[in-house]
Each structure stands twice: as structure tokens, then as C-alpha cells.
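Notes follow the structure.
Please read these numbers as outputs of a predicted model, since none were measured by experiment.
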Amino acid sequence: AMMRLRARARLLAGGRVPVLISGATGTGKTLLATLLHEIGPRADHSLLFLSPGEVAPSLEEAELFGVAAGAFTGATYDREGLLSRVNGGTLVLENVEDLGPALQAKLLRVLDRGTFHRVGDTFPLSTEFSLIATTSLGPRALEETGSLRPDFYYRLHGAVLDLPALEERREDLPLLIRHFLSRSDPAGEINSPLSSGDEEYLYSRKYPGNLRELQNLLTTASILGVRGAMNLHEREERGGASPTDSWFPLVGGTSQVIPLREMMERYITHVIRLSADNKSLAARLLDVHRDTLWRKGFKNAPGEANKAVG
């Protein structure tokens with residue numbers, strides 16, 4: 001099944017036909033969308049994402065199409081939308097079922113004509129891009145629930161990539177483990193985060209949370225790998241606390257509530273200590289730019305004066 005999926009993905013990569021990626025939560029839809037962009041002819045151009053459910057409905061059109069100066073109060077200058085910035089590249093609509101019917105119709109016209117208007121403007125702008133949409137509902141559910149307009153649904157339905165759960169493609173585990181570990185430690189600064197027992201444990205355990213669960217396990221392994229192997233299998237055998245439970249001492253116990261900024265400061269300090277005061281490594285493990293730690297006041301070694309996280 002995965003071999004057929006990979007072959008179909010290679011054929012669809014970077015094409016003019018919109019692609020719909022379906023799969024349960026955590027199966028790797030965003031990862032596959034990124035791969036489709038990177039292996040296609042548009043790899044040197046922009047890859048942009050829009051998650052309609054995370055943008056206020058009143059702002060979705062402006063985010064997608066851009067805004068002309070004077071379109072509404074406060075619009076004092078022209079602002080580019082995603083359709084301008086993605087020209088020549090790939091636009092990924094995550095959870096496409098959250099996109100409103102009116103915007104579905106407008107986006108369909110863009111796909112048909114290759115032109116659009118900024119909000120508050122009548123001058124047509126040109127754009128050309130590859131569209132990838134993702135959904136956790138599945139193609140049939142999209143149709144049955146009426147989440148998408150029929151014309152928009154059938155435009156997407158021509159090229160569907162259905163991602164199976166991780167349990168159904170365990171042969172991908174070695175490749176995925178290497179991928180997530182290298183992403184957690186691109187400079188190779190962590191020493192052997194996984195023991196041989198950990199590898200056996202990762203290959204044999206179940207993953208109800210799919211790729212996201214695997215990624216979270218390996219990110220934790222990378223952090224603890226600064227001081228040696230994580231020994232995931234031994235923690236499981238002892239009935240040890242989950243990675244989430246192990247954070248509770250940082251905040252004073254599960255029954256204690258502390259200000260969010262203080263908890264952030266304690267956790268960032270904790271990761272810097274695990275990174276042996278290597279700020280670049282700590283920033284990568286926290287998935288932020290090194291300058292972010294500087295701006296938040298983590299200029300000094302752990303234990304020295306640092307200002308609170310703002």
C-alpha cells in the first residue's frame with residue numbers, strides 16, 4: 001500500500017492538479033505535503049500553509065487574497081496575501097473542511113482563471129501554484145457532511161492520497177525514526193540518544209497517536225540523549241512516568257499552579273541545562289531560533305541572572 005502511495009505521490013508532485021491528502025490525526029499529512037513540494041519542480045519556490053480553523057473567519061479572505069490600501073479602516077497600505085507570495089510554489093490548506101463556502105468558491109475561480117483581486121481592489125493579479133489540501137475526515141465524509149461545496153470537492157477529489165495509520169505501515173519505522181532524530185539534532189551534537197533496547201522497543205510498541213506520538217517520543221529521547229541514552233524500554237518496564245509527567249517537578253507538582261511566564265522560564269532553563277549550556281542546541285530542541293532565547297533574556301549560563309520570560 002505504501003509503495004503504491006509513494007509512486008502516486010511522485011506522479012502528482014508539483015503538478016497543476018490539486019491534491020487531497022486524507023488521514024487520521026497524526027498520520028503525517030503535513031509531512032507528505034512538504035515532501036510533495038520538495039520532490040517536485042516547484043521545490044525552489046515558496047511552500048506556504050494556511051490553517052483556516054486557526055484564523056478568524058473575518059480575516060481568512062485578507063490572509064489568502066491580501067488587502068488593498070483603503071479597503072477598510074486601518075488598511076493604510078497594500079498587503080500581500082498568500083496567493084501573491086506563493087506564486088510559482090505550493091499552497092497547503094490544512095483541514096480544508098474548515099474553509100468557508102464563500103472562500104471555497106473564490107479559490108476555485110483562482111484555480112480556473114489564475115487571477116484574483118485583493119480585498120478592496122478591482123485590479124486583477126496573476127498567480128500560479130500547486131494546491132494541496134489536507135483533511136482528517138476522509139473524502140467520503142467530506143462529501144456526506146457537506147463540508148465542501150460540490151464543485152470544490154470534485155476539483156480536489158481527482159487526486160487523493162489516503163495515508164494509513166502507522167500501525168498499517170510499520171515497515172516505515174526505521175526511516176521515520178532516522179528522520180525525526182536527524183530533525184531534532186541536525187548538527188549531530190547529541191550522543192547516541194537511543195540504546196539497542198530503545199530501538200527494539202520503538203519497533204514493537206503500538207502508536208495510537210501515529211507519527212505525532214513517535215515524533216514526541218524521539219524529541220524527548222534527543223533532549224535526554226545529551227546525557228546518554230534515554231532507555232525508553234526500561235522506563236516502560238518500570239511503569240515510569242511519561243515525558244509529560246516528568247515535567248511536573250519543573251512547575252512544583254501537579255497540584256501547584258504558577259504563572260505561565262514563570263513555567264516557561266523554568267522549562268527553557270531546564271532544556272539549556274540538558275544541552276550543557278549550548279544555546280544553539282537548546283533552541284533547536286525547543287524549535288525556536290537562537291535569537292528567541294536571547295530576546296527572552298537567556299544570555300547567561302544556567303544559574304546566573306536571567307530576566308523573566310516575557
Subject >> Flag if over 12 foreign heavy atoms under 6.0 Å of CZ, R170 >> reply: yes
Original post:
Can V19 be reached from L5 by stepping across I, L, V, M, F, W or Y side chains whose heavy atoms are under 4.5 Å apart?
Top reply: yes
Original post:
Going by distance alone, is a donor N or O of one side chain under 3.5 Å from an acceptor N or O of the other, for E94 and S51?
Top reply: yes
Subject >> H117 side-chain N/O to T122 backbone N/O, donor-acceptor pair under 3.5 Å >> reply: yes
Original post:
Is H37 reaching over with its side chain to a backbone N or O of A13, donor-acceptor style, under 3.5 angstrom?
Top reply: no
Subject >> Side-chain donor/acceptor of R155 to backbone N/O of P150, under 3.5 Å >> reply: no
**OP:** Determine, step by step, whether L202 and L173 satisfy the side chain to side chain contact (heavy atoms under 4.5 Å, CB included) criterion, reporting the C-alpha distance in whole Å, the side-chain angles of both residues, the deciding distance to 0.1 Å, and the verdict.
**Re:** CA-CA 8 Å; L202 289 170; L173 275 172; over 6 Å; no
Original post:
With distance as the sole test, does Q104 use its side chain to make a donor-acceptor pair with the main-chain N or O of L99 at under 3.5 Å?
Top reply: yes
Subject >> Nearest-0.5 Å distance, CG of residue N95 to CG of residue L137 >> reply: 8.0 Å
Subject >> Distance, nearest 0.5 Å, that separates CG of N87 from CG of L48 >> reply: 11.0 Å
Original post:
Regarding Y154 and E143, is there a side-chain donor-to-acceptor distance under 3.5 Å anywhere?
Top reply: yes
Subject >> Nearest heavy-atom neighbours spanning P139 and S22 >> reply: CD-OG, 3.6 Å
Original post:
Roughly how far apart are L108 CG and R113 CZ, rounded to 0.5 Å?
Top reply: 9.5 Å
**OP:** For Y153 and G146, indicate whether the former's side chain and the latter's backbone hold a donor-acceptor pair under 3.5 Å.
**Re:** no
Original post:
In Å, rounded to the nearest 0.5 Å, how long is the span from CG of L32 to OG1 of T134?
Top reply: 10.0 Å
Subject >> Residues which pass side-chain contact (heavy atoms from CB on, under 4.5 Å) with R140, listed by chain and number, not counting sequence neighbours >> reply: E144
Original post:
If you draw a 6.0 Å radius around CD in E128, do more than 12 non-hydrogen atoms from other residues or ligands fall strictly inside?
Top reply: yes
Original post:
Are E167 and R205 within salt-bridge range, i.e. N to O under 4.0 Å?
Top reply: no
Subject >> Side chain T127, main chain L83, donor-acceptor under 3.5 Å >> reply: yes
Subject >> Pairs flagged by salt bridge (Lys or Arg N to Asp or Glu O under 4.0 Å) wherever residues 69-87 is involved - sequence neighbours left out >> reply: D78-R118
Original post:
Is K29 reaching over with its side chain to a backbone N or O of D162, donor-acceptor style, under 3.5 angstrom?
Top reply: no
Original post:
Atom CD in E38, atom CG in D44: separation rounded to 0.5 Å?
Top reply: 11.0 Å
**OP:** Starting at NZ of K106, measure out to CG of L64 and round the result to the nearest 0.5 Å.
**Re:** 10.0 Å
